[in-house]
Every structure is written in structure tokens, then in C-alpha cells.
Trainee: 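Below you will find the structure I want to go over with you.
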2 protein chains.
Amino acid sequence: MTTTYSIGELAREFDVTTRTIRFYEDQGLLSPRRRGQTRIYSPADRTTLKLILRGKRLGFSLAESRDLIRMYRPASDNRQQLEALLERIADKRAQLERQLADIRVLQTELDDAEARTRQALTTL
Amino acid sequence: MTTTYSIGELAREFDVTTRTIRFYEDQGLLSPRRRGQTRIYSPADRTTLKLILRGKRLGFSLAESRDLIRMYRPASDNRQQLEALLERIADKRAQLERQLADIRVLQTELDDAEARTRQALTTL
DNA sequence: GGGGAAGTTTACGTTAACGTAAAGTACCTC
DNA sequence: GAGGTACTTTACGTTAACGTAAACTTCCCC
């Protein structure tokens, strides 16, 4: 009763090629079930793909996205590892803060650019 | 009396190599003055470099940054071009909005991840 | 049973964004 | 004037993230 997806369905939904999705699997970012040769994607796989593409829009490398995926799952019971994970999470958070600041600066620069452009238009 | 910078100074300040700065010039993103063979960078050049690096942190390609740089300068008196420019500015703005949304989603996901990790730590 | 349509593997090709190395010039200093 | 430091050009190398093509299987449909 749980929904599943074919590779083509996911490709269409997220506007990527099937090659891209298989490549992500090759890089260890996805590991869908198989029915014979054919890949069967679960809702969790779909969520992972969404996470990867969100990362891409923010300029993350696939290695960074792989890291993000691991953050999103415990996958360890080792104290050392869990504490290291907390640090990596904090680092990512700091990076996102920097990106936020960068976006805000760019937004005001676009404001300026637009104002000057409109000004140039009125003086024609 | 206006301050200038050598390529090495800029490289040190922004933690990039001189090769990178020359590459940006090669791609038409920078065009510093010359004294003989040597490149002399103005404060405006420095600002442009800052803009490029800010774009990089947000995952922009150099082509996108080149576009951004052009947005930031009028460089035209043609009505068509100015109106086209306004559209490109609006597009960029929309892209930044998407990135903002993506960051917010990732931030709450990091919140979740951290909470779960801390929980896993307490149950050791 | 002859096509499509959608899936598969394998493998070589491509582009962006530099890295790296070589070989030379300009200036400063001891 | 020998060496050091910072600059220059030229050119080949490298990595990430796929694109593209070929050759194959599976399933459905008429």
C-alpha cells in the first residue's frame, strides 16, 4: 500500500534526467530497492532526491549533499561520532547563515540596480 | 591619492590564488589597469571581485556573476536593453527568493537533525 | 510477433573553474 | 651582481557533474 516511484516518474517530477538520478546512486546518495533489474523508489528516496536538488540550488557539491543526508539520519551509536556530527551540523548552520547574509547584500544591490535602471529609463 | 591594489594583495585579502583572479579577467569579469605589464586594481575592481566571490558562495556560475556585474552598471541608453535588464533583475530576485526558501527548509532540517542527535546521545 | 515505451549497463565525451609547471621580467637588497 | 620576491605569459592537466550513444531486456499492445 506504500507508494513507490519509477525512475522516469521522479525524473519528470523534478525535471532532471534519469541519467542524473542513476549518477546520484552511483555516488552513493541514493540506494533504491530493485525489482529484478528495475529500480523502485520509496517516498524516503524521493525525499533524499529533493534534498540533493535543494542543495544544488544552493551551490552544494554532491559530497556536501551526501554529508547532509548522513546528518539527517543517526546511523551511529558511537559517542565520538555523534559529537562530531553535532559539529558538522553547526558548521553547516554557519554556512547557511553566511549564505543568508550574502543573499541580503545581493538583494539590496539588485534594489540599487533596479532604481538606477528605472532612472535611466525616465531620462530618455 | 586613490588607493590601488596589487594582484597579490587581493589574493591574500580574499583567500584566492592569483591564478583565479587572472582567470576571472580572462573570462571578462575584471579589467584592471596596467602599469607596463603589471595589473593595478582599483577599489571598483575590488568590489567586483567581492561580488564574484559572493556569487560563488551562492553557487553562481561565472557567467551568472558576469551578468550580475552588468546589472550593476547601466552600460546602455537603449530602451529595449534597459527593459530587458529590468526583467533579468526580476529573474535574479526570484532566484534569490527561492534560495532563501531553500535555506529556511534546510535550517529546520538541521534543527531536526540536531535534536535527534542530542536525543541519541542522552540514550547512551 | 512486430513494434513502441520504459527500463538497464557500459563507456567515452564534455564543460566549468581553476591547478600546476615552466620560463621569463622587474625591482630590491645585501 | 647574486639572490629573493612579486609579477608576467603560455600551456597542459585535473575534477565534478553529468551528456550522449550504443546495445540490450521487458512489458504491453494491436
Side-chain angles (χ1 to χ4, degrees), chain A residues 3-43 45-46 48-70 92 95 98-99 102, chain B residues 3-42 45-46 48-70 92 95 99 102:
Chain A
T3 41
T4 66
Y5 311 88
S6 74
I7 193 169
E9 282 169 349
L10 289 184
R12 248 168 285 131
E13 175 174 3
F14 295 111
D15 196 30
V16 296
T17 67
T18 59
R19 172 68 172 100
T20 295
I21 297 180
R22 289 196 195 96
F23 179 73
Y24 292 161
E25 178 175 352
D26 213 58
Q27 301 299 305
L29 304 182
L30 286 172
S31 27
R33 276 171 38 219
R34 298 273 183 146
R35 191 171 49 198
Q37 290 267 77
T38 305
R39 294 168 173 82
I40 309 283
Y41 294 88
S42 70
D45 292 326
R46 181 171 165 280
T48 300
L49 180 55
K50 253 168 95 167
L51 182 63
I52 299 169
L53 298 177
R54 207 191 320 280
K56 269 201 61 178
R57 288 195 295 272
L58 292 173
F60 292 10
S61 69
L62 293 187
E64 286 176 299
S65 286
R66 181 168 39 224
D67 221 44
L68 259 182
I69 292 168
R70 292 221 195 87
K92 262 303 163 201
Q95 179 187 344
R98 276 193 302 272
Q99 288 192 304
D102 285 328
Chain B
T3 41
T4 64
Y5 312 88
S6 74
I7 193 168
E9 283 169 347
L10 290 184
R12 248 168 286 130
E13 175 175 3
F14 295 112
D15 196 32
V16 297
T17 68
T18 59
R19 172 69 172 98
T20 295
I21 297 180
R22 290 197 194 96
F23 179 73
Y24 293 162
E25 177 176 351
D26 213 60
Q27 301 299 305
L29 304 183
L30 287 172
S31 27
R33 277 172 37 220
R34 298 273 183 147
R35 191 172 48 199
Q37 290 265 77
T38 305
R39 294 169 174 82
I40 309 284
Y41 296 87
S42 70
D45 291 327
R46 181 171 166 281
T48 300
L49 180 55
K50 253 168 96 169
L51 183 63
I52 299 169
L53 298 177
R54 207 192 318 281
K56 268 201 61 179
R57 287 195 296 272
L58 292 174
F60 292 10
S61 69
L62 294 187
E64 286 177 297
S65 287
R66 181 168 38 224
D67 220 43
L68 259 181
I69 293 168
R70 293 221 195 86
K92 262 302 165 202
Q95 180 188 342
Q99 289 191 304
D102 284 328

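Each chain gets a letter, A, B and so on, in the order its sequence line appears, and its residues count up from 1. The figures that follow rest on heavy atoms only: side chains count, while hydrogens, waters and symmetry mates do not.
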Trainee: How long is the line joining OH of Tyr41(B) and P of dT8(D), in whole Å?
Mentor: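 After rounding, the reported distance stands at 6 Å.
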Trainee: So what is the end-to-end bend of the helix from dG1(C)-dC30(D) to dC30(C)-dG1(D), with 5 pairs used at each end and the value given to 10 degrees?
Mentor: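 Rounded to the nearest 10 degrees, the bend comes out at 0°.
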Trainee: Is there a side-chain polar atom (N or O) of Arg35(B) under 4.0 Å from OP1 or OP2 of dT8(D)?
Mentor: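 For dT8(D), OP1/OP2 do not have a side-chain N/O of Arg35(B) under 4.0 Å.
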Trainee: May I ask you to evaluate whether Arg19(A) reaches the phosphate of dT20(D), defined as a side-chain N or O under 4.0 Å from OP1 or OP2?
Mentor: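 For Arg19(A), the contact criterion (side-chain N or O under 4.0 Å from OP1 or OP2 of dT20(D)) is not met.
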Trainee: Please check if the side chain of Arg66(A) supplies one atom and the backbone of Gln27(A) the other of a donor-acceptor pair under 3.5 Å.
Mentor: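 At least one qualifying donor-acceptor pair exists.
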Trainee: What is the distance from CD1 of Ile21(B) to C1' of dC7(D), rounded to the nearest Å?
Mentor: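 Checked: the CD1 to C1' distance equals 13 Å.
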Trainee: Would you indicate what Arg22(A) reaches in the nucleic acid, counting non-hydrogen atoms under 4.0 angstrom: base, sugar-phosphate, or nothing?
Mentor: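 The residue Arg22(A) makes base contact.
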Trainee: Without decimals, in angstroms, what is the distance between Gln37(B) CD and dT9(D) C1'?
Mentor: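 In whole Å, dT9(D) C1' and Gln37(B) CD are 8 Å from each other.
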Trainee: Can you tell me the distance, in whole Å, between the NZ atom of Lys56(A) and the P atom of dA16(D)?
Mentor: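 Roughly 15 Å, once rounded to whole Å.
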Trainee: Once you round it to whole Å, what is the distance between C1' of dA17(D) and CD1 of Ile52(A)?
Mentor: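 It works out to 13 Å between those atoms.
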Trainee: Tell me whether the OP1 or OP2 atom of dA6(C) has a side-chain N or O from Ser6(A) closer than 4.0 Å.
Mentor: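 For Ser6(A), the contact criterion (side-chain N or O under 4.0 Å from OP1 or OP2 of dA6(C)) is not met.
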Trainee: Just checking Thr18(A): base, sugar-phosphate only, or nothing, at a heavy-atom cut-off of under 4.0 Å?
Mentor: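 No contact at all - Thr18(A) keeps every heavy atom at 4.0 Å or more from the nucleic acid.
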Trainee: Using side chain to side chain contact (heavy atoms under 4.5 Å, CB included), reason through Phe14(B) and Thr20(B) one step at a time and then give a plain yes or no.
Mentor: CA-CA 11 Å; Phe14(B) 295 112; Thr20(B) 295; over 6 Å; no
Trainee: Assess the side chains of Thr48(A) and Asp45(A): does a donor N or O sit below 3.5 Å from an acceptor N or O?
Mentor: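 No pair is found: no donor N or O on one side chain lies under 3.5 Å from an acceptor on the other.
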Trainee: Closer than 4.0 Å, any side-chain N/O of Tyr24(A) to the OP1 or OP2 of dC18(D)?
Mentor: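 So the side-chain polar atoms of Tyr24(A) do come within 4.0 Å of the phosphate oxygens OP1 or OP2 of dC18(D), strictly under.
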Trainee: When you get a sec, tell me which of dA17(D), dC7(D), dG19(C) is the closest nucleotide to the side chain of Ser61(A)?
Mentor: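 Among the listed nucleotides, the one closest to the side chain of Ser61(A) is dA17(D).
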Trainee: Tell me what Arg34(B) touches on the nucleic acid: a base, only sugar-phosphate, or nothing, going by heavy atoms under 4.0 Å.
Mentor: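 The residue Arg34(B) makes sugar-phosphate contact but no base contact.
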Trainee: Just the rounded figure in Å: distance from C1' of dA16(C) to CZ of Phe60(B).
Mentor: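 Nearest whole value for this atom pair: 17 Å.
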Trainee: Rounded to the nearest angstrom, tell me the gap between atom CZ in Phe23(A) and atom P in dC12(C).
Mentor: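 Distance check: Phe23(A) CZ to dC12(C) P gives 16 Å.
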Trainee: Under 4.0 Å: is that the gap between some side-chain N or O of Thr17(B) and OP1 or OP2 of dG19(C)?
Mentor: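 Yes, because at least one side-chain N or O of Thr17(B) sits under 4.0 Å from OP1 or OP2 of dG19(C).
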